[in-house]
*Asks:* 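Supplied in structure tokens, the structure appears directly below.
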Amino acid sequence: MQELAGRLKVLDPAASESVKIIGYFDSLVAGGAGAESIVRAAAILSGVPAGARVGSRLIGIDVDGGRTAPHEPEGADAVDAPRVWLDRRDGPGLNDAMIVDRAQVALSIIVARADPTMSAVETVIDAAASRVDREAAAHRLRLSGAVRVVAAPPISRHSHRASTVLASNEGAVWIGLGDVIPADGPVGTSVAQDLDDLPRACADARLALRLADDRHRVIDALDLGVLIVLARSFDASAPQHPDVAALGALDARALNALDVVVDSESIRAAATRLSMHHSSLQARHETWTRQLGYDPLSPRGRARFLAARLLLRLQ
């Protein structure tokens, strides 16, 4: 992390600062820091007083690192996830959003470590845990029969009592057990048929979360059908397939239009959804066919597009 920050300092000073902020909070979490230390870090890094609500507890730290009376912003949502704010009077600073985000992620992980219920959730979704330990955790959580696993960002609004925050290669992710779906998305879900199926359902819910976007805020792994098998096989270290590379070469606007076209009954229907003239979209369709090397609206081409699009999202 330090080597990367050094290189970025030369190429992009703003990006270098972001990497340093991430590394700072990661080191605190790895070192077993408490909630107050996280808020103190937010105040020191931002240069202004910082506050946080962690459950029923309010924490306030001034710019010198000392305790102070916190002033919770008015109109704050009542959520279970930890919430951090900065008392800056002259408008947001350059790195304020990054500091607040990483502080909230760090607090979510700390809360998860301290909560015995969260520890039980970690155990039942851990395939490496012994059967005895997983049965004991399931009994503590009063789980029986089919259970829905919900994956969401750690700072999303959620109300599950049985939940935890996991650290993963894709960043921190909140995991809840139950049928309540966070309202704001993005969300991935999967249903476990029994205790032995919970680790698989958790992995599938996390994959589904990575596939959620602005048009599909909630993704159920069951709705992916056989595509979930393809998602499970994704290997970030493997060479990129040409179909995925071709999609990755398109800009965001073209990808969004292609998503709508492939999801529509016809070019004309897609043009209506995109507020375009159908002849203009038809011309784009012909261009995309040349760029991709196949027609994304043919039966086989549609399958190739959906598979490549899924793998591109996972990257």
*Asks:* Of the non-hydrogen atoms in Leu177 and Val149, which two are nearest, and what is the gap between them?
*Replies:* CD2-CG2, 3.9 Å
*Asks:* Tell me if the CZ atom of Arg215 is crowded by more than 12 foreign heavy atoms within 6.0 Å.
*Replies:* yes
*Asks:* Hey, does the side chain of Asp96 reach the backbone of Gly93 with a donor-acceptor pair shorter than 3.5 angstrom?
*Replies:* yes
*Asks:* When you measure from the side chain of Trp174 to the backbone N and O of Ser108, does any donor-acceptor pair fall under 3.5 Å?
*Replies:* no
*Asks:* When clusters are formed by joining ILVMFWY residues with side-chain heavy atoms under 4.5 Å apart, either directly or through shared neighbours, do Leu306 and Val260 land in the same one?
*Replies:* yes
*Asks:* Evaluate the criterion side chain to side chain contact (heavy atoms under 4.5 Å, CB included) for residue pair Arg206 and Arg210; output intermediate values, then yes/no.
*Replies:* CA-CA 7 Å; Arg206 288 168 56 188; Arg210 294 168 63 187; 5.7 Å; no
*Asks:* Verify the neighbour count for atom CZ of Arg131: are there more than 12 heavy atoms of other residues, nucleotides or ligands below 6.0 Å?
*Replies:* yes
*Asks:* Any sub-3.5 Å donor-acceptor pair from Asp220's side-chain atoms to Leu222's backbone N or O?
*Replies:* yes
*Asks:* Can you tell whether the side chains of Arg304 and Asp295 come within less than 4.0 Å, N to carboxylate O?
*Replies:* no
*Asks:* Same cluster for Leu211 and Val150 if Ile/Leu/Val/Met/Phe/Trp/Tyr side chains link at under 4.5 Å?
*Replies:* no
*Asks:* State, to 0.1 Å, how close Ser37 and Leu28 come at their nearest heavy-atom pair, and which atoms those are.
*Replies:* O-CD1, 4.2 Å
*Asks:* When rounded to the nearest 0.5 angstrom, what distance separates CG in Asp26 from CZ in Arg102?
*Replies:* 5.5 Å
*Asks:* With a 3.5 Å distance limit and no angle check, can you tell me whether Gln104 reaches the backbone of Val84 through a side-chain donor-acceptor pair?
*Replies:* yes
*Asks:* Quick one: does any side-chain atom of Thr287 pair with a main-chain N or O of Ala283 as donor and acceptor, under 3.5 Å?
*Replies:* yes
*Asks:* May I ask you to decide if Ser279's main-chain N or O and His277's side chain share a donor-acceptor pair within less than 3.5 Å?
*Replies:* yes
*Asks:* Flag yes if more than 12 heavy atoms outside Arg217 fall under 6.0 Å of its CZ atom; otherwise flag no.
*Replies:* yes
*Asks:* Would you kindly confirm whether Ile44 and Leu86 end up in one hydrophobic cluster when ILVMFWY residues are joined by side chain heavy atoms under 4.5 Å apart?
*Replies:* no
*Asks:* So how far is it from Arg200 CZ to Cys202 SG, rounded to the nearest 0.5 Å?
*Replies:* 10.0 Å
*Asks:* Are Glu36 and Arg40 within salt-bridge range, i.e. N to O under 4.0 Å?
*Replies:* yes
*Asks:* Is Val105 linked to Trp85 within one hydrophobic cluster, defined over Ile, Leu, Val, Met, Phe, Trp and Tyr using a side-chain heavy-atom separation of less than 4.5 Å?
*Replies:* no
*Asks:* Counting only N and O atoms by type, is there a donor-acceptor contact under 3.5 Å from the side chain of Asp251 to the main-chain atoms of Ala254?
*Replies:* yes
*Asks:* Donor-acceptor pair, Ser275 side chain versus Ala271 backbone, under 3.5 Å?
*Replies:* no
*Asks:* Checking side-chain polar atoms at under 3.5 Å, does Ser264 have a donor or acceptor matched by the opposite partner on Arg273?
*Replies:* yes
*Asks:* Which heavy atom of Val29 sits nearest to which heavy atom of Ala106, and what is that distance?
*Replies:* CG2-CB, 3.5 Å
*Asks:* Salt bridge or not between Arg134 and Asp126? Use side-chain N to carboxylate O under 4.0 Å.
*Replies:* no
*Asks:* Do we see a donor-acceptor contact under 3.5 Å between the side chains of Arg140 and Thr123?
*Replies:* no
*Asks:* Using the rule given for side chain to side chain contact (heavy atoms under 4.5 Å, CB included), can you reason through Leu258 versus Leu292, listing the C-alpha separation, both sets of side-chain angles and the distance that settles it, and then say yes or no?
*Replies:* CA-CA 11 Å; Leu258 257 174; Leu292 299 178; 4.3 Å; yes
*Asks:* Rounded at 0.5 Å granularity, tell me how far CG in Leu314 sits from CZ in Arg232.
*Replies:* 12.5 Å
*Asks:* Starting at CG of Leu230, measure out to CG of Leu311 and round the result to the nearest 0.5 Å.
*Replies:* 4.5 Å
*Asks:* If you group Ile, Leu, Val, Met, Phe, Trp and Tyr by side-chain heavy-atom gaps below 4.5 Å, do Ile38 and Leu58 land in one group?
*Replies:* no
*Asks:* Can you name the nearest heavy-atom pair linking Ala221 to Asp204, along with the distance?
*Replies:* CB-CB, 3.9 Å
*Asks:* Rounded at 0.5 Å granularity, tell me how far CD1 in Ile175 sits from OG in Ser163.
*Replies:* 9.5 Å
*Asks:* Between CD1 of Ile219 and NE2 of His216, what distance do you get to the nearest 0.5 Å?
*Replies:* 6.0 Å
*Asks:* Would the distance check show the side chain of Arg88 and the main-chain N or O of Ser46 forming a donor-acceptor pair, the cut-off being under 3.5 Å?
*Replies:* yes
*Asks:* Looking at Asp101 and Ala97, would you say the former's side chain and the latter's main chain have a donor-acceptor pair under 3.5 Å?
*Replies:* no
*Asks:* For Glu265, does the CD atom have more than 12 heavy-atom neighbours from other residues, nucleotides or ligands under 6.0 Å away?
*Replies:* no
